[in-house]
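Here is how names work: the chains are called A, B, and so on, in the same order as the sequence lines, proteins then strands, and each is numbered from 1.
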Amino acid sequence: MSTSEDTPLYAAREPIFPRRVSGRFRRLKWWVMGIALAIYYITPWIRWDRGPNLPDQAVLVDLANRRFYWFWIEIWPQEFYFIAGLLIMAGLGLFLFTSVFGRVWCGYACPQTVWTDLFIHVERWIEGDRNQRIRLWKSPWTWKKIRLRLAKWTLWLLIAIATGGAWVFYFTDAPTLAKELVTFEAPWIAYSTIGILTATTFIFGGFMREQVCIYMCPWPRIQAAMMDEDSLTVAYRWWRGEPRGKHRKKEGAEKLGDCIDCGACVAVCPMGIDIRDGQQLACITCALCIDACDAVMEKIGKPRGLIDYLALSDEKREVEGLPPKPIWQHIFRPRVLVYFTLWAGIGAGLIWALFARPEIDFNVSAVRNPLYVTLADGSIRNTYDFRLRNKHGEEHPFRISLTADDVPLRIRLEGTEELVTYVPGDSTKEQRVFVIAKKDSPAAKTARTPIRFWVEDVLTGERAWKDVVFFGKGSGSR
Amino acid sequence: MSKKDDKKKGQVETTGHVWDGIEEFNNPLPRWWLWTFYGTIIWGIIYTILYPAWPISSQGATPGVLGYSSRAELQAEMDRFDARLKPLKEKIVAVDLAAIKDDPQLADFARRGGKALFATWCSQCHGSGGQGAKGYPNLLDDEWLWGGTLDAIHTTIQHGVNDEHDEDTRTSEMPAWKDQLEPAEIDNVVQYVLKISGQEHDAAKAEAGATVFADNCAACHGDDGKGDQETGAPDLTNAIWLYGGDEATIRETVENGRKGVMPSWSKRGLDEAEIRQVAFYVHSLGGGQ
């Protein structure tokens, strides 16, 4: 299908040597990187006292015991909707930020970007800036090259091990695991997880870099659907810069635009692209070209912003000689408001659910096989299976009772004479409960009688209830 | 980007496809992508050498040099499971039957294991919920032919009822009375049974039936008709019927007799620990005494 025979079917990656740059966006990126890495590495070491028999790790995903701890919040499996809600919020958050700021996630916060940035920084520290690195890359394998490469790879590997190593601390007690890891007593799954994440960090951050964004990541493709003419992207003011040219002092220089074609924007780009070609898939909007160009514009005494955060609608206005839209007009659009409303609504719902959920929690499932049992004296018995959850660290007694409108019913707990059942700490207990209606009593003769079960934590006095149905004769069973 | 130079010259190669004015670049694949592709091929070849893969004979697929099979993996998992449960199985046999409920772990083991065993071996007759069926006792109510204590339930499961393969089995039979009694006597005794169970009846016939009952039935069912758990004779005075408490069914029972059979589970392959689990489970269903 190729239109020419000499087009190769595949091509090697062209290495990219981003030049050092400084400026406001570079500073912002340092801060974001520092905060993101600090959160990632430090979080599992934060302690949080939860009382006896409960883990004291602030953030812990305890898969073995099916618990998720986040500071004062404890999530049990049946409360997984919190996690689902957070994931939906994260998704809508990406939509929201993309529709306003374009690929701000890609440019600043994505782990691929953060770690690649860190790896490039290490590379620059060991091998020097752009020109030295290009020279080193072109040079044959001398001792100096081997030494520099080994030093760089060793540092990368250490960062990669620390990255994979930090990950596993989220899933078990961090100090214990750290001790086990260095004494080679940790479970193999910990070592293999660290191994896999070390390999991916090392390869993705050191060698794959922009290839991950361009070829592997689905997000750049999805972005296109999120963005519109009001989304902010990094753009080149071609109407100001063109025609570009270097020879300012020669004849006809007055016809040239502001762009002196110095190539600074290309040299600093971690993606190896030329932003002057226009908005493109490979651009992660890291804004380093803005910093680079602003520095050049200052040097040659031209206004900053030849490369700038711009929306497509601004381009049209500026070409016509109009000033760009004020920033609030980009932000307060129906689409953004819809995203924000959804996002905030789910967030508010989750917060409400978090505070409204009872500290004691139970489920009742009526045994419907059979619906009811006739006893020897003709009375009718229904059976209910309770699942009582005790979120405290120690055993708590739960008292079970029922209320029904003027209907005499007797309640009995399986295996005990009491109406109290003892639930061990941090666990769920199943308790069978029998409810009996005397022969020919209203509930025994009626097909369905609504009743309400109450569970009271005897120690704390907290109460919770659930409505169920008592089945009597005439409900279709024997 | 490898096409950078081309783009500069404004000669971007396209495939020649145009959709609504949108053209498709004819960019080459990244080389690492090709390596990944070759890598998967090598992985596939190694995998088929190591693991069962090629169905080349009627005997099945090539076994693979690692000797892996999902059947062996399942067996290993079951063995691991059995090994883990072994201490509990030993413990449940070692302790007193009545003491199982005092050990939460053991009680949980008995209840869950008993439930699974019940579903496998008992539910065919007694129903998945233990509600029974005509001729098969309801295990949820509070009437028991052979006793509702944990011990009595355990013995019933262990040796069964009327199982000729077990000499310790519980034995019980209601004879057929149609050749022993006159039709009128049967009429009367049926009315009497209806009377003592609190149902509508013919008072005169029932009074006559009382004598018939005392002479023929009381030996097993007792003078008051309340049955006898030693012989498995049911209580005839309450609301619970194994075969049915209406006049026609009672007549059928009297005329033809009844002889229910329950297998002896010690002879049918359940071990003592399993029998104890089922007994504990049945006892917990609601009728246990």
Measure the shortest side-chain to side-chain distance between [X] and [Y] over non-hydrogen atoms and say whether it is less than 4.5 angstrom.
{"X": "B:Pro30", "Y": "A:Arg13", "value": "no"}
{"X": "A:Glu414", "Y": "B:Arg111", "value": "yes"}
{"X": "B:Gln131", "Y": "A:Asn369", "value": "yes"}

If one checks every heavy atom of A:Arg412 against chain B at 4.5 Å, the contacting part turns out to be side chain

Applying a strict 4.5 Å limit to non-hydrogen atoms, the region of A:Gln211 in contact with chain B is both

Kindly compute the distance separating [atom1] ([X]) from [atom2] ([Y]), expressed to the nearest 0.5 Å.
{"X": "B:Asp142", "Y": "A:Asp377", "atom1": "CG", "atom2": "CG", "result": "6.5 Å"}
{"X": "A:Thr374", "Y": "B:Asp141", "atom1": "OG1", "atom2": "CG", "result": "8.0 Å"}
{"X": "A:Tyr215", "Y": "B:Trp32", "atom1": "OH", "atom2": "CH2", "result": "8.0 Å"}
{"X": "B:Trp35", "Y": "A:Tyr10", "atom1": "CH2", "atom2": "OH", "result": "10.0 Å"}
{"X": "B:Trp33", "Y": "A:Met216", "atom1": "CH2", "atom2": "CE", "result": "12.0 Å"}
{"X": "B:Leu285", "Y": "A:Arg432", "atom1": "CG", "atom2": "CZ", "result": "5.5 Å"}

Taking atom [atom1] as the centre, does [X] end up with more than 12 heavy-atom neighbours from other residues, nucleotides or ligands that are less than 6.0 angstrom away?
{"X": "B:Phe37", "atom1": "CZ", "answer": "no"}
{"X": "B:Trp146", "atom1": "CH2", "answer": "yes"}
{"X": "A:Arg221", "atom1": "CZ", "answer": "yes"}
{"X": "B:Trp43", "atom1": "CH2", "answer": "no"}
{"X": "B:Glu230", "atom1": "CD", "answer": "no"}
{"X": "A:Lys429", "atom1": "NZ", "answer": "yes"}

Counting heavy-atom pairs under 4.5 Å with chain A, the top scorer among B:Leu140, B:Asp235, B:Thr237 is B:Leu140

